[in-house]
Amino acid sequence: MKRCIAALAAVLAVAPAALATPARAAGEPAVALSAAQAGAGGSITVTGSGWRPGALLTVLICGESTPDRGVTGGTDSCANADGRAVTTDARGAFRQRLPVAEPPVPCPCVVHAATVTGAGAEADAALRVAGHAVQPLPAGSAAGRLSLRTGTRLDGADGLLTRFGAPPSRTLVFTVGNIGPSPVKDPVFRVGTSHGVFAPQWDERQWRGTLAPGSTARITLPVDLAGGAHGAYTVTLEYGGRVLAEQPWNAGRPWGVTVFWILLCVVVPSAAFRLGLAVVDRVRPRGPASARGPASGTAADGRTDPPVPDGSTGLPAPDGRTGLPAPEVRTPLPTSDRRTRLSEFVRHLQGLRPSPSDPASRTTTALPWFTPDVRRRGTAEPGTETEPRTETESGTGPTQRAAAPQGCGGSRPGVREDVSGRRPSGT
């Protein structure tokens with residue numbers, strides 16, 4: 001008889017476990033416990049249904065929580081070290097053995113199951129932990145509870161200014177429902193952005209409106225990054241101390257900033273170089289002539305060409321150098337007498353020579369084609385033939401030949417000169 005009574009009591013203790021989860025709409029995630037009460041160190045079996053197929057879930061025991069309110073203190077109020085991870089099957093169901101541990105805060109307690117990746121979803125089932133402290137919930141604990149109904153997405157695109165370092169911005173769009181017993185007015189969400197392994201930077205965003213119990217609403221919140229930010233970021237949505245969803249964001253690189261720095265590295269050194277050349281040209285010392293101002297023959301950079309004699313053309317010399325004296329345009333010489341023409345030509349060339357007192361004569365060397373070849377009259381260049389002269393021109397007519405001694409070919413009697421002007425040896 002006693003054994004039958006003990007068996008009946010065990011059945012009555014397990015029977016309410018199937019009803020531990022509040023009624024939910026068909027298709028919504030739900031969890032059920034094998035026992036409504038268990039002591040620390042024991043274990044219970046958690047079963048779930050209505051989850052997304054292949055979803056990864058975490059199963060924890062949390063304090064200061066009820067199925068209506070959820071886990072108000074976040075995962076800080078849960079026994080994280082004794083939690084378990086489980087993956088749902090193709091039907092969205094799972095079955096997991098969970099050790100019972102005391103949470104860091106007093107009960108009431110729940111078994112909390114929530115998705116880790118993908119669209120956010122969660123469900124709670126009440127659990128009494130034997131021997132653990134129980135305290136009333138804080139004031140205002142009867143407030144409404146928001147749950148994510150759909151996945152999140154980021155709307156928007158980068159503009160032209162974003163390519164040049166302007167802060168990227170997007171709009172976070174999601175749908176939430178009030179599953180609590182009271183309405184929720186003007187809820188405040190926390191939106192965090194994190195890059196790599198760094199902690200999120202949180203911003204509070206308030207949505208204006210009221211959600212009645214059991215109603216849903218589509219909410220849009222702005223999300224901004226710092227200027228010039230690029231790379232893989234993660235946007236985290238949090239409400240009431242609970243993480244509702246995480247959304248990846250791949251921000252593009254601001255290539256306009258890169259092009260700007262490349263141009264800056266090229267243009268600034270070039271401008272500095274040209275400015276330095278201008279300063280050096282302005283402050284470098286000048287000669288005495290440049291102090292009095294540029295004179296004739298002075299170039300813009302201060303260089304002075306040799307003086308050009310009066311009457312010269314100032315044309316470049318055959319070797320390409322400029323500023324050298326050029327021959328003067330001569331008028332035709334008289335043709336009455338060859339000797340007269342030669343003497344006038346020699347005097348003309350001697351007139352082109354600069355005087356020894358001229359400064360140009362000390363710095364400029366006379367070129368070979370401007371050096372007069374002054375020779376004695378009646379002589380010719382070695383190796384050249386003299387032009388035969390007539391008797392009248394040479395002065396050797398009948399009268400002159402008779403007066404001249406035999407064998408004389410010059411003006412000095414008794415001395416004979418050859419064509420080249422050299423006096424024969426032995427005279």
Side-chain angles (χ1 to χ4, degrees), residues 9-22 24 28-52 54-89 92-118 120-138 141-142 145 147-148 179-180 199 236 238-246:
V11 171
L12 294 176
V14 174
L19 303 176
T21 302
R24 291 179 179 265
E28 289 188 3
V31 291
L33 307 178
S34 61
Q37 179 177 350
S43 62
I44 58 175
T45 301
V46 182
T47 57
S49 61
W51 299 88
R52 187 176 68 253
L56 179 62
L57 309 178
T58 58
V59 182
L60 303 171
I61 296 179
C62 305
E64 289 186 352
S65 305
T66 62
D68 294 338
R69 287 189 54 191
V71 183
T72 58
T75 56
D76 292 340
S77 61
C78 302
N80 297 299
D82 298 304
R84 292 293 184 266
V86 61
T87 302
T88 59
D89 57 17
F94 71 90
R95 182 181 180 88
Q96 177 65 37
R97 194 74 177 173
L98 178 67
V100 178
E102 295 183 357
V105 294
C107 287
C109 299
V110 296
V111 174
H112 178 73
T115 56
V116 177
T117 59
E122 59 184 18
D124 299 322
L127 174 67
R128 294 189 299 272
V129 179
H132 190 59
V134 178
Q135 293 182 359
L137 293 175
S141 59
R145 176 188 173 194
S147 177
L148 196 65
I179 59 176
T236 305
E238 183 180 285
Y239 174 76
R242 297 181 298 111
V243 176
L244 298 182
E246 292 182 348

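Values below: every heavy atom of this structure, side chains too, minus hydrogens, waters and symmetry copies. By convention here, the first residue in the shown sequence is residue 1.
Here the shortest heavy-atom pairing between R52 and T88 reads O-OG1, 2.7 Å. Taking all atoms of both residues into account, the shortest heavy-atom contact from S147 to I179 is CB-CD1, 3.8 Å. Between A123 and P29, the shortest heavy-atom distance links the atoms CB-O, 3.7 Å. When all heavy atoms of L56 and A85 are compared, the closest pair comes out as CD1-CB, 4.5 Å. Nearest approach of P104 to D76, heavy atoms of both residues: CG-O, 3.4 Å.
Interatomic distance, SG of C109 versus NE2 of H132, reported as 5.0 Å (0.5 Å rounding). Note: T58 OG1 to Q96 CD = 11.5 Å, rounded to the nearest 0.5 Å. Rounding to the nearest 0.5 Å places CD of E238 at 10.5 Å from CD of E246. For the atom pair CG of L57 and CZ of R84, the computed distance is 15.0 Å after rounding to the nearest 0.5 Å.
For the two cysteine residues C78 and C62, the thiol sulfurs sit under 2.5 Å apart.
In this structure, V111 and L60 have side chains that are not in contact, with every pair of non-hydrogen atoms separated by 4.5 Å or more. Contact annotation: the side chain of T115 approaches that of W51 to within less than 4.5 Å [non-hydrogen atoms, C-beta and beyond]. Considering only heavy atoms from C-beta on, V110 comes within 4.5 Å of P67 through its side chain. Side-chain contact between I61 and L127 is present, with heavy atoms from C-beta onward closer than 4.5 Å. Considering only heavy atoms from C-beta on, P106 comes within 4.5 Å of E64 through its side chain.
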| field | side-chain contact (heavy atoms from CB on, under 4.5 Å) assessment of V59 paired with V86 | value | CA-CA 8 Å; V59 182; V86 61; 4.1 Å; yes

| request: Quick one: do Y239 and L148 satisfy side-chain contact (heavy atoms from CB on, under 4.5 Å)? Show the steps, please. | output: CA-CA 10 Å; Y239 174 76; L148 196 65; over 6 Å; no

Only pairs under 3.5 Å count here: list side-chain donor-acceptor contacts from residues 43-50, not counting sequence neighbours, and write none if there are none.
| residue | atom | partner | partner atom | Å |
| --- | --- | --- | --- | --- |
| S43 | OG | R97 | NE | 3.1 |
| S43 | OG | R97 | NH2 | 3.0 |
| T45 | OG1 | R97 | NH1 | 2.5 |

